[in-house]
Every structure is written in C-alpha cells, then in structure tokens.
Amino acid sequence: MTGKPKLALYWAASCGGCEIAVLGIDERILKVAEAFDIVFWPCVLDGKVRSIEKMADKEIELCLFNGAIRTSEQEYMARLLRQKSKVLVAFGSCAHEGCIPGLGNVATREEIFQISYHDTPSTVNPEGTRPQAETEVAEGTLYLPHFYDTVKTLGQTVEVDYYLPGCPPEPERIWDALTAILTGALPPPGAVIGAQTTVCDECPRTREEKKIKEFKRTWEIIPDPEVCLLEQGIICCGIATRAGCGALCPTVGSPCIGCYGPNEGVQDFGARMMTALASVIDSDDPQEIESIISRGIPDPIGSFYRFSLAHGQLRRCALPLEADTLDATKAA
Amino acid sequence: MAEKVGVYICHCGSNIAGMVDVEGLARWAGANLEDVTVARDYKFMCSSLGQELIEEDIKKEGLTRVVVGACSPHLHEKTFRKACANAGLNPYLMQMASLREQISWVSSDKDKATEKAKALISGAVRRVIEQEELFASEAPVNPNTLVVGGGVTGIQAALELADAGYHVYLVEREPSIGGHMAQFDKTFPTLDCSACILTPKMSDVGQHESITLLSYAEVEEVTGYVGNFHARIRKRARSVKEADCTGCGVCIEKCPKKVIDDVFEAGLGYRKAIYRPFPQAVPKYPVIDREACTYYLKGTCKACEKFCPTNAIDFEQQDSFLDLDVGNVILATGFDMFDSTRLPQYGYGRLANVFSNLEFERMCNAAGPTDGKVVLRDGVTTPESIAIVHCVGSRDKKHNPYCSAVCCMAALKFGHLAIEKTGAQVYSFYIDMRTPHKNYEEFYDRLLAEGMQFVRGRVAEVTDAARLPGEEGKLIVQSEDTLAGRQRRTPVDMVVLMGALEPRHDARETALKFGISCSMNGWFTERHPKLDPVATMTDGVFIAGVCQGPKDIPDSVAQGAAAAARVMAMITKGTVLIEPVVATIHEENCSGCRICNNLCPYNAITFLEDKGVSYVNAALCKGCGTCVAACPAQAISGAHFSNEQIFSEIEGLLYDAISGNGAGHKVEPAGVPA
Amino acid sequence: MSDTFEPKIVAFLCNWCSYRAADLAGTSRIKYEPNVRIIRVMCSGRVDPTFVLKAFSLGADGVMIAGCHPGECHYLEQNYKAMRRYYMLRHTLRSMGMEDDRLRLQWASAAEGVQLAAAINEMIEQVRALGPLNWSANWHENGRRLEALGRLAQEHAEAMEVPA
Amino acid sequence: MKYSYYPGCSLEKNAASYHESTMAIAGPLGLDFVEVEDWNCCGATEYHALNQTAAYALIARNLAQATKNEGLDTLVAPCSACYLNLRKCDKYMATEPELAGRVSQALAEAGLSYKGGTLHVRHLLDIVYNDVGLETLQAKTTRPLKGLRVAPYYGCMIVRPGFHNGDDDPEYPVTLDRILTALGAELVDFPMKAHCCGGHMTQISEATGFELIRRLIKSADDYEADLIVTICPMCQLNLDGFQGAMNRHFGTSYHIPVLYFTQLIGLALGLAPRDLGVGSEIVSAKEALSKIGAEVEEAEVATPRQRRDDKALPMPGRRGEG
Amino acid sequence: MHEPSRRDGFQGEVIAATPGGESLLTCIQCGTCGGSCPSGADMDHTPRQLFAMINAGLRQDVLHSNTPWYCVSCYYCTVRCPKEIPITELMYTLKRMAVREGAYDDSKAPDFSRTFIRWVEDYGRSFELGLMGTHMIRHNPFGAFKIADMGIGMITKGRMAFSPTRIKGMDGLKRILAKAKQLEAQA
C-alpha cells in the first residue's frame, strides 16, 4: 500500500467521451499517476467492485464520476463510491445535469424498450425478446440491472462535492480542477468548478441590442461570420451557457448548444433561454408572437433542455397516466 | 446564524378575526415555522399599541425579521416599516401578508380561510428570512409645480402654491382659464354670481409673478420621477404674438367671420374666427381659429392684421415647445358634458325647445347669448312652463352607472333662476333628490317654497306628439309619478336635460402619460378612496376636482387646496426617499450578451463598451424587474424581489403541498389540511 | 372539509394593477375560492419562467400570471414581455405534456376586482377538472427500483462472503 | 342573394298583400326567397303567456325546419312578431342552457334539433336596407314617390328588444326613413314611429286598444301624412283594419291609409298596384297614391309649422353654418 | 362574486323563471317603465309598483293584478330601464304563473291567448276568423257589431280565411308540444 491518495474514476450512463477527455490532458496524466494511486477506473484499468466494497469509508481521496443514473446498478455504484470517497466530483455534463442520456426523460422505459427492441428498422426480434431484470436458467436466476423510467443526475442520487461541467469538460478545465483539488485550493463544497459568466464573454462575435422577428434553423441561413448568431435569428445558447469552452462552436459559426450547463446559481437552464429569447421577440401581437415561437422553435425541449432536462425544475415530461408511480413513503 | 422572526397576526377588529382563527394561526406559526421565535395576535396591529408590541419584541427578543399578517401592504406597509425602523431594525426586513384583502374579506369558510392564512404566513416567513437590509436614497425635490387644467380647481391649487412663494406652471388647453365655472351664471346654494367670485381669482393667476400661465397649450410628455419630473409642453399657435398684443380687441370687432361657439357658448351663441372665449378671459390675448378663419381657408382677408395697432397678428406662427423641470404635478383636468343626443327619447337635437344644462347655464348668464333672458329656441318667446329632467346619462347602465352628484342641486338652481326670470311653472323630474351638504337641503326647501314642482319619476320620453287637449304645440314630458303611482303627461314649453358629468374623452391617454390609472368609469384613481383622496399611486402626481370623480365647486376647490398642501409638504421637506427597489447587474456574471439592453422603457440600462458589460443606472431604474427576469446569465439581481426571496416565498406558500426535492413526498391529494 | 380535490394555484400579481384588483376584490367583499395563493411582484415583467416551473415542481396545480392590461402597464410596456414569456413557456410546457389550463395569463386593471375574482374562480374550476398535477410523482420509479437496489446490495454482500 | 323565407300566418291571408308585394319586388331587387318547408305559427306573443317551453319549442320547430334548406344560413321574416320570436329563440337556444335543454328534448320527439346560432335570423327591412342598399333602390326607381307625404312606422318588435340586427336606434330608428327618401317620398318626422300599435289589445280591452291606435293615427294626421308605411302585419291590421272602429269609438273621422313598405318599393319600381296587393287595404289609398308623379321640390323631412326668425338660436347637431 | 342575497321566496321564483331575471334585484324604482308603458294608464299597478310588490312578497296581489295582461310587449320599458331589467320577459313570467295558478280576475286576456293557441295546437297555424269568432262571442258579443264593417271589409277584401290550414307535420308538432308541456311542468 502506497501512502498516495487514492483516485477512482467511474462511468455510469455516458458515452465515454469523458474518459477520453481525461486522457486529453495528455502527458500530464502521468503527473496524475504520480500524485495518485488510481484504485478504480473500469474503462482503463482492471478492477473489481468488490475491492471497493471492501474499502473503508472515505478511503478514496477523490472520485471522478461521469455519467447519469439510469439503472439500479449505476445508482448502486454511485452510492458505493460516495460512501468510500472523501471527495466526489460529478464529472461532465451527464453526471452534472443528465446531458443527452437525460433526454430519455421525454419517454418512459416502456417506450424506450419498444423502440430499441422492436421499432428500429435494424432490429430483428420476432420473439419480441426483451431484457428482463430476472431470468431463470438451468444454473439458477440471472439478474440484470433494473432500467429506470427517469434518468437522474448524480447530484439527485447522492451528495456531490463538486461539479465539473462540459460535454466533455475541456482538458484545461480538468487540469485546473485536479490541481485545485491537489493543492486544496477548493471552492466551498457543492460548487461548480468553472467560470461565473457565460459563453458570450468568450465569443469574438460583435453584439448589438437584440430584436428578433424570426427564429431560424442553422440550415436556413449562412450566418454572417462577424455578427452575433442570435441577432441573426439562430438560437445560440451562448447567452445562458457557462463559459469555459472558449466559445468553440460560435467561433466557427455553429450556435452554442449549452453543453457547459447554466451559469452560477441558475436553477433551470431552459427557463433562462426561454425568458431571454421571449424578451427580445419583436412583436406585441399575441397571434404573431405565438406563430414566431411555434414556427421558429418546433422542438422546445431539444432547443432549451438538450443537456439539462433531467436537471431542470420539471426534470422530465409528464408520464403517461398508466405509468405506475411509487408510493411516496418508500422513496429513497 | 439563524434569523429570529417575529410573526404578528392582526385581528383588524373582527375584519380578520371574524373569518380566520387568528389565535390558532399565531400559535401554529410559533410552533411549526422554522426560525419563528415570537408569534402573537393582537386586536389592531396598526394601532400605536400594536406597533409598540413589535418594537418591544425587536428590542427585547432581538428579532432580526418581522412578519405582519394584516391588511394589504398598500395600506400599512409604511406603518410597520416605520415601527421596525423605530426599534432599530432595517425597515426592509419586514414583510406583510394580506390576510384581510386576500383572505377574510373574500372567503366564506373559516377553516379554509385559516388554512390559506397559514400558507400566506409561511410564505411571508420564508421570504422575510431571505430579505436584505436596504437603504432608501434621497433625491432633492424641485420646488416648481406643474398644474394641468385651469378650471376653478387648478386655479385654486395654483394660487395656494404661488401665494406660498412656490413657482407654478399652469397649463390650460383652452385659450383662457376659467373652465366650466366661467360659463355659469350663479352657483348653488348661495347663488353667488359665478363670474364675481371666479374672475378675481383668474386675474390673480394672470398677474401672479410666481405663476407661468400656459394657455392654449397641452402636455406632450412627462418623464422622470417624484421630485424630478421633466414635462414637454406644446404651446399651440395662437397666430397672435402675446408679447405685442395689448388685448384691445379691435381684431375681434373687425373680424368678418362669425361661427357658432361650441365650447364656451355650448353651441348656443356665436363668436368670431379670431376670438377670446369671453370678455374677462385670462390671458387677454385672442386666438385665431384656423379652421374658420377666411385667410387660412381662402388666403385673403387679414382684416385683423390690418386693424391691429401693435402688429401682433402672426399668421405664420407655429406651435412651440417648452421643456419644464418640476418636482410635482397636480392634475385638475375636469370633465366633459354628456351629449344628450345619445338619449333620443328626450328629443335633444330634434325637438327645438329641448336644451342641455350647459345651454341653459349660458342662457341664464347675463353675458350669454340671450343676455340672460330665458327664451325658447326661437329666441324671443318666454316659456310659461319648464321641465327639468334629472339623471340624463347618469345612474344608467347603458351610459354612466354613477350619480353625477351635482345635477340635483344644479336643477334646483335652474328652478330658482327660471322662476325668477320668467315666473314660469317649473317641474323637476327626479329619481332621488340628493342634497347632502351644508345648506343644500335648505336650498331644496327654498325651492319647494318658491313653488317649483317635484315629480318623483325618471322621464320616459319627451315628445311633440300631442295626444290630449292642451298638448298641441307643447313638448309633452311623459313619466310615471312614482309617488302617485300614476302615469303623467306634462305639457311644457321648454325642457332642460341635466346631462351627466363624464370623464374627459382623452382621460385614459392623460392617465397613461402621467403613469396613473383610471377607474372603470374613466375617473382618475386616487391612492386611497378615504385616506388619501388626492394622491395617486405615482408619487409626485396628485389629482383634484372632477377628474377624480363627480363633485361640486366647494369640493373641487377643497381638493385643489388639499393637493397644493400635499405638494407644499413635499417641497418644504426638500427631499424624497427613492425606494431602493432597483436592479443591479453583477459585472463578474455579465457576459455582455446585451439581451437586457432594449428591455428598459426608462433607458436605465446602458452597455459599457470598455468593460463589455451592461450597467443599470439606479437613478433611472423604476424597479419593475423585467431585466432581472430576462437575464440569461442571471447576472442581474432585483433588490427586495430577488430570486431567492421569491423562490422561498413559493416554497413557503406551498408548505403543505408535495415537496419537489425528489425525496420524502406526500402524495396525498393536495389541499387536505396538513 | 370535502374530499373533492382542492387545487393549489400560485398567482403572481403585479403591484400596480392586478394586486390592487385583488385588494379591490377584498374591499368590495367579492367572494372567491380560497385555493389561490398570491405573490406580489412589482410587474408581471418580473415573473421569471423559473418561478412558474418551481411552483409546479413544488406541488402547485396551476399558476396564474396577472398584470395590467396591454397598453396600461405601470412600467409602460413590460407586461408585453410577460405576455411573450407566457407564450414561450406554454409552448414548452405543452411539449412536456402539461395542460394549457394550468398556466394562465390574466389582465386585470386596478378597477377590475370583480373580473379578477371571476378569473380566479374560473381557473380553479378548470384546474379542479384537470385533477392534481402532482408533477414530482413523475420522477419516481415503481417499487422495483428499491427491490433491485436491495437485491444488488444483497448479491454483492453474499459474493463477499465467498473466501477470496 | 338567396334566403330562407318564413312568411308567418298573417301573410297567408290578412297580410297577403305584404307577401305578394315582397315576392313582386324580390325579382327586380335580385332577392331569392325559399319558403321554409311546412312551417308553423310562431305563437305570436300569446304562447309566452301560457307555457315558456312550449312557446319556444313551437318557434324552434320552424328554425329546425329552416335548417333543411341546404346552404341557406339566413332566415328572413317579414312579420316583426315572427321575426322577434325566431330571433329570441335562436339566441336563447345558445345562451339559456336550461331552457334550450328542455326545448331540444321536445324537438327530439319529432326527430328535430336546432343549435343556437346556426341560422342568422333577419327582418325583411334589414335585408332591403343592408343587402339591397339605397343605391340600388334609387337606381331602380322608375316612379319616384315625389309629393307623397309618408309617415314611416316601425312599431316595436324589430327595433326594440336589442335582438335586432342592424344598429338602428330603438328610440328613433331611421332605416325605413332612408329607404323611403331614396324612393323619392316626402318624409314626415313621425314622432310615433316606434310606438306601439296595441298588438292584440283590441281583443283584450277595446278602450286601450283603440286609444293606442288613435295616438298613432292622430299624430300622422297632425303631421299631414298622406299615408303610413309599415313593416309589420299586426301594425297594418290595427291601424288599417281598426281605423274605422277607432274613429267611431272616439267620434273622429281620420282617413290615413296604411301600406307596407314593400308595396311602396314596388310602386317606385314601377310595378302595377294590383301586383302589389294594393287595394286590399280597408282604408283606401287610392287618393293618396294618385299624388305620385306630381311635381314637387325635392323632398325633405317635414315638421309642423314653427315660428323662426333671425333671432332664432342654432339647433344642437345642426351646427357648422355661420 | 357576491351571491345575490334574496333568491328565496316569491321574488326568487320570478327571477328563476325569467331569462336574465337576476337584474330585478337592482331595481331602483325610478318609474321609467311605468312612464314608458303605452297601456300603463289602464293597469292596476304600474310595472314599477309590481316590482315593489314582488319585493314585498305580495304574491296574490301581484298575480291577480291585470298589469301583465295589459302588457303589449312593446319593450319600451326593457330598452329604457337604466338597470337593464328584462321587464317584458318578467311580464310573461307573471302571466304564466297566474295562468298556472288560475290567479287572474278577468279571464279575457288569458282566454284570448288560450283560444289563439288552441288553433295553433290543433292546426299548426293561427286562424283569425276562428279566433275572433270564438273570443268575441265569449267576451264581447256586442263588440262584434262595432267592428262589423271591419270584418266585412276584411272578408270582401279577401283578407279573412274561412277555414284554417293544417300543417303536414301535425303529429310531430303535437308530440313536441306534449313533451314541452311535460318538461315545463317538471321545471
């Protein structure tokens, strides 16, 4: 046993991009290896859950947890790692605010299974087989994790010490965070490690006062390279998205889609986008306003909650009435 | 450290206690709400004793927050803020819950009302904990005052202020001040000659060194705030150079063009194209009516110019603009007269000898078109019988639901004048005789004694269709004598319609211009119907006279003086407290996206190019919070209405509903008492 | 109290018109149902969509936003911003499967106590007809979530008994 | 312009001339009327006094029948009483759920149904004034009614209860006036133009009924009208049919013929009196109509002689001149 | 909104049976109705008095009053009423109440209505000759002479039908009216 502080990295409902992002800090990864004893990183090293289970509470110094919580197994791991780690970091957008997996909250488990195991053209499943939580075989019962109706963020599942936003977090920000943690120069627990302002702050485009008569889809115009995309009618989330990426997308003419999540203290990313855009619609006539909105924003959830549906105030779309809800007293 | 909140529930006599279990509510708050250290109920919290209660607790218990469950904050927020301040607690750490207006007075089930009260109190407690110390800033009060409307009300207000040594700008739409009162012959109940008591006041205004009289002018726009308004005045082109005009009146004499005077003579008389509404007009300068003047129509004539001894005529004169800085505004814009053609059954405009009340006023006026003779439309015949019809367009859902307040007394006055001048038989057709003022009932008695006949019954119609002998050639007033319970046809020579007083046709635009509101009937809304009748919801803007609601001359004058007194108080104090409820942009959070830049109607938000952030000018900010709600980066905070405060209030209000934090839900149906 | 569903409505009233309309309803003793809980804001333009979403997530069954009539805003034109946000919000809430009647934009001048009371009653009726919103119940899994969790824990615990 | 047409009982017989003249002018004015199939009596004012549900059910049957006229959503009634009943029923079927419910149940008994607002009920006067228009009338006039002093008489039921279509004033309506002026007639400023003819009063209380008739006839006579022009069969019946009895009752000798406005339009259009049912009135209009064609200076509203001199004060609403 | 306080008693009945009747509560006894009524001179009470009596709960006096029966449905009162009370409708309501309870002194008017309607109920159309005949013989045998010339005129001018027309859908109409009366009885 070395005396080095222990480091764990885990992925739950995520695409793996965060893992790559960690390696994105290039050779500095070696510094990390020097500084830490990496005890658990399923994507990169071999390791056993059991060995974690065997650890004493808080034995792990730092756990970088990426991915949202979609299955019982992920929730179990979240609880386990929380128990064993001093510092638990929600790493990346999925853990922070649900991200793309969180968009699953527009549907139910039933609907998702229906699509992925029947409806998709590439599916051949004449028996209509579906993953079962329990399967009896000769050897006994086989278990699969239970698949939830609703994707939750890490913060909604266990207590989180720090959030590192981004899909994925920029290597530099990751490094900043790591050094901060190593040097103990940490913000108060619960904080988001990152900038306190939004993408426009880093965006090179020129901005004027805003008045919008029509919202445009990206394919509808070739945007002027100098002028603010929003002023050209393109829904750019830069106004509401936490800075830190260096305004990569808008700089190259593609609107910000909000992967860095809301700014400091904001409780609902979508609400900020809605209120800001609505405020600058250039019309006082109800009919006109309604048509500007419905024509320009065919998919409000996709436009305003692409990364934060699970994290917003409403967290998901209404369940169909038949979906059975949990008896409250048993919750969590 | 945790806050110490004091909760005070007012009984408001039985107003609240009658519908809300106030003791229970206080007990509940004390026992169940976090951070509540004191919870009391008391008969009248707004009483000095009630306030002392709070002050003592602040001192003794070291309260850091106060919640008062009583009436609407619009009534007593100031009171309780003062109480807190007296005890050394920042007044903005007090929050009111409107248990009376929002619960006891609108509910009919005591249990449900009490439940709602719990929610409101819990909301207020949660909110107040988030509230922050704020400090009202002071702004100087400009000692000049803008008075809009030169009727007797505006004149009174202007003189009160000017005599006290403060400068007044008096703006009047017509060429002369004087308003409706200048058109009257006598005033009830004293029968003073209207001109005799008004014209001295008018000339005082004309000569007063502290009054700038802007007649034939209108207010274009008003900006700024209490103590510091800026008003833009449009002086319409008189076509007469006031500087050169001596008011000799030759021009009027020589003008060949005669037109009907629809304004001052109520359409009963004529005036010239260049005119002065009436001989004692103030200012004395005439005006050319460009719609009527031959020169403007045909390009020739110029008689006035030829004969003017001082070359004061200026056909090219343009409207001019005047920018004024004033500290306060008094609106005394008066009323319009009901157009009786809207009630065809009374025949006005169709039957020659049906007259409007204003026409009759002019007819009685010695200086009027008939030299004070009461005659029929033919101009010569003296009526032997006259019917005065009350409530024409008043107390009538189809026109104006309200009582016009002055018509009964005016009708009595007409009765007296008619009897005096013609000896005619005068009938008054009334619904209810309303004479509730000093010496008014006595005046009624007098007219009864003078033989005026009173028929209780609203007139059904006035017709010239004779039915019975003796009706030929007469106007027949058809009514029910409700006291006799019989139909009655009263043949008369002349009918006078007591038309309603109506809000100015442009009252709503005026209200908008000055940032005040109108009642549903279109009268300007006072701050409080009983306790603050001349102030409005907009600090520094006061209302007086009929523009606030129908009233007679004494009441109007009283209000004019009252408004002036309120303004003087402001001026003598010298400064006004500017509510610290303003928006602030936190530079560190602002990304300079400029969403907020064009949201502020007062242009309080500017973009600082150098820093690349937006900035709110607190002096201009009126605290509406629109920018706060709009900022996508949540970089703008609104004092006293911060997100945290409102979030907490929502949580408090819904204390008994399903909590939203994902854990520990009660899913029992909402609404069941907790 | 009756066991019929009593909706909870949170209403945001502007200080100048609608809140005064509520005061007027009070002073003129106009009765309306007690299901509404009023929050005073300076202007309907202050109402942040987050307030509305928060109210829903905290258990409100309906939310009303009330302001001065268009053209009569005490702050000249801010109620138009409120109106635009209302339509934007309604557009999104629809796509999230929430009924329109649960969010209402109401104009009420300071003189319209009667109208405001009537509007409140009407909204309460509409929402009562829709039934409880109970939005946060949407977030919960059926009971198998806990079973599954328990079973995992169980399984792992047993596994640990096996000597390494 | 095609409409459903509900003649009503009166037009079958006693007011046949109203029906005939309406049909006669329809062609020239480009109006096309399709009679409601198997219509029934509207119950006049009588049924309301006995049984509300039955009264409205009776009326509603006509509305239901009218909806059978494919593609015609306007129902025209020349009789004011019928018009008011149909119009009121149509409104209440929409605004009075309880009553409407009962009526619908009743209609269902005969497999009929009517939804308030389906039809647009209008009076013939409204059609002529708004759809045909004064210009057309003027243009088509070949026999101007010059020199004919006519008293326009509206009665109660079209102008009054606020159900009526146009925004004509319930106290002092003018649409008929304008039509007659357009036809060249000399108008009398008839003060009783919207007063009551007494309806069925002659049958309830002769004295009352005759008095109501007298008022109208007297006033028309005071204004030296050659004839009264009406738009309602009940009014015509009272003023024309009972004029003699009224005269006898009061010992007077008024002789004022009463014609339907459609008859005058017909005459102005140059149609033959007989095709317009002229001649069927009890008080002969022969003499009065003989005036048509006489040369008179242009018609204007005539009022009783009045003293006027330069001292005269201007009239309100007649202003502007110096 | 306030619930109008006086929904009980006679006034309540009258209000409930009249479309828009609630406004009766707002009557200020101004007498515009009484003044406007063309047949007001012959009424026992002016409409205004009737409303005061309704307010006072004088059921019998109201129902026995001839006032509603002298209403000629000219609607002047209705359009002139400053409180927009549907007075003509109220008169119909009072007539119906009186008929239902047989509470009227002079049966002339109700009989006229009944006779009129009897023809309508049997034939679907009204029948003037029949109506006048029956009614006159019953209530005013000599009056017939007064208006004889009129009758003769009407006949000679071909304005009087001698036999009623019967509509085709008579059975249907009968069923409708039967049902309507049944429902009215329950209402």
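Being a predicted model, the structure only gives us computed values, none of them experimental. Naming convention: chains lettered A, B, ... in sequence-line order (proteins, then strands); numbering from 1 in each chain.
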For B:E384, does the CD atom sit with more than 12 other heavy atoms under 6.0 Å from it, leaving out its own atoms?
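At most 12 heavy atoms, drawn from other residues, nucleotides or ligands, come within 6.0 Å of this atom.
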
Could I get the full list of salt bridge (Lys or Arg N to Asp or Glu O under 4.0 Å) partners for E:D111, not counting sequence neighbours?
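For E:D111, the residues satisfying salt bridge (Lys or Arg N to Asp or Glu O under 4.0 Å) (neighbours in sequence not counted) are E:R114, E:R138.
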
Would B:V496 and B:F414 count as a side-chain contact (heavy atoms from CB on, under 4.5 Å) if you check the C-alpha gap in whole Å, the side-chain angles of each, and the deciding distance to 0.1 Å?
CA-CA 9 Å; B:V496 180; B:F414 285 174; 4.0 Å; yes

Go through the atoms of B:T482 and report whether side chain, backbone, both or neither lie under 4.5 Å from a heavy atom of chain E.
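For B:T482, the contact with chain E is made by backbone and side chain together.
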
Charged N-O contact under 4.0 Å between B:K474 and B:D464:
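Salt bridge between B:K474 and B:D464, a charged N being under 4.0 Å from a carboxylate O: no.
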
Between E:C77 and chain B, which part of the residue has a heavy atom less than 4.5 Å away: side chain, backbone, both or neither?
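Interface part for E:C77: neither.
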
Using a 4.5 angstrom heavy-atom cutoff, name the option from E:H45, E:M43, E:R48 with the most pairs to chain B.
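The option with the most such pairs is E:R48.
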
When only pairs under 4.5 Å are counted, which of B:R456, B:R488, B:R486 shares the most heavy-atom pairs with chain E?
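Winner by heavy-atom pair count: B:R456.
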
Sort out for me which of B:V459, B:D432, B:I431 touches chain E most, counting heavy-atom pairs under 4.5 Å.
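Max contact count across the listed options: B:I431.
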
Heavy atoms only: give me the nearest B:R100-B:N15 pair and the separation to one decimal.
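Of all heavy-atom pairs spanning B:R100 and B:N15, the closest is CD-CB, 3.9 Å.
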
